[in-house]
Amino acid sequence: MPVSTAPGHPAPTAPPRHPGEDAVLRQDPQIAEVIRGERDRRSRTLQLIAAENFASPAVLAALGSPLADKYAEGYPGARHHGGCEFADAAERIARERATALFGAAHANVQPHSGSSAVLAAYAALLRPGDTVLAMGLPFGGHLTHGSPANFSGRWFDFVGYGVDPDTGLIDYAQVRALARERRPKAIVCGSISYPRHPDYAAFREIADEAGAHLIVDAAHPMGLIAGGAAPSPVPYADVVCATTHKVLRGPRGGMILCGAGLAERIDRAVFPFSQGGAQMNVIAAKAVAFGEAATPAFTAYAHQVVANARVLAGTLEAEGFEVLTGGTDTHLITADPAPLGVDGHTARGRLAAAGLVLDTCALPYGDARGIRLGTAALTTQGMGEQEMARIAALFAVAIREDRAEREKGSGAARVRAEVAELAGRFPPYQG
Ligand SMILES: *Cc1c(COP(=O)(O)O)cnc(C)c1O
């Protein structure tokens, strides 16, 4: 089957515009003001939240298209509603592009989010009460990997693996020992903050030995995988869950890849088990994003994301931050700002005041929080290694500013001016 790609895909640096903003402006000034405020905020500050990106104008246009109004419960050719011929076409194209892009036998593009994709994967493979082995939350596991506040922790018996305290790397000997001892029904490989490539072959071997399914939750690296900048879990996993909005730069949503043998179970676990009607505008936007991700421009983008993250991590380390695992293979950096005299919460606050927007995150040992950041959005804006080194230096200024400076707000103001200059030189939106 030929790989279908979206015509007229934008270059990785093409600034998106919000389609339909003018219509909101005419009808609803109150919400128009909110949208404009968010657009200005994103234009004036730097987005280092590891899970965020700027989707292309074509992706945003598909989201605002008439497909938004279409009800299409079921799957192409087998819908519970009439008038689905174009909805079917959108979903078929999205599935074909996803399977071609990732080399998978089957794709389900309906999950409303990454969490919905994981829920469906569990529903397809597990029964309530089953034991599941996943990365523990303090080490970077996602809420859906056994948090007591989430369905996963409530309905399954989760066992957590961790990282080696010296290297910060996944302790495969521990994963193997836990799998032997607890005989889980499934092993989950994936994280919200682990900056290195997991050893998918090792996970496969451990899962086979324990008779467990291997679920890879590739929500973060899926865009890097699409661009050939990270190894693919597809040959190793029974099921791969992902988001489409992180490095992959599509609309907010989820997807699932699996082999032909599990296709029917996965499809039924999404609809009708855990979802109703699919969001056809989002599925069309996913198709657009898969088309963009199949281009050489996206391959260059994905590699630049990683090159940028390596420079950012290296410069942060030189500025005194403790970079976990000593660097990164991906778009993600997890760092402890303790050597600069602050914890993650204080660091996030001072950085936000200076226009540098990122998250705090759990650190593997101890109660203090660290910071988590990524380079997907900055790279979409067209920034390169030079800008990364400059931004890392601004981090240190914003966090280190002494008390007198802080009271006057002069350190943050200085950084804010430099941030505004960078954001102005690499504008994320047109017009
Ligand atoms: C982001 C993420 C998710 C959830 O995605 P949502 O779309 O926010 O539900 C799940 N798992 C991992 C590992 C993630 O990083």
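Atoms within a ligand are numbered from 1 in the order they appear, just like the ligands themselves. All figures in this text were calculated on a predicted structure; none of them were measured in a lab.
Using a distance-only test at 3.5 Å, with no hydrogens or angles considered, no donor-acceptor pair links the side chain of Asn150 to the main chain of Ser147.
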Go ahead and list the nitrogen or oxygen contacts between ligand 1 and the protein that come in under 3.5 Å, distances to 0.1 Å, or just say none.
unit_1, atom_1, unit_2, atom_2, d
ligand 1, 7 (O), Gly114, N, 2.9
ligand 1, 9 (O), Ser113, OG, 3.4
ligand 1, 9 (O), Gly114, N, 3.4
ligand 1, 9 (O), Ser115, N, 2.9
ligand 1, 9 (O), Ser115, OG, 2.7
ligand 1, 11 (N), Asp217, OD1, 3.4
ligand 1, 11 (N), Asp217, OD2, 2.6
ligand 1, 15 (O), Lys246, NZ, 2.8

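A salt bridge links Glu91 with Arg79: the closest approach of a Lys/Arg side-chain nitrogen to an acidic carboxylate oxygen falls below 4.0 angstrom. Under a 4.0 Å N-O distance rule, the pair Arg182/Asp157 qualifies as a salt bridge.
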Criterion ring pair (Phe, Tyr, Trp, His ring centres under 6.0 Å) on Tyr365 and Phe139, from CA distance to verdict: CA-CA 8 Å; Tyr365 295 97; Phe139 302 97; 5.6 Å; yes
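Judged by the 6.0 Å distance and 45° axis criteria, Arg39 is positioned over the aromatic ring of Tyr429.
Here the shortest heavy-atom pairing between Arg42 and Pro428 reads O-CG, 3.7 Å.
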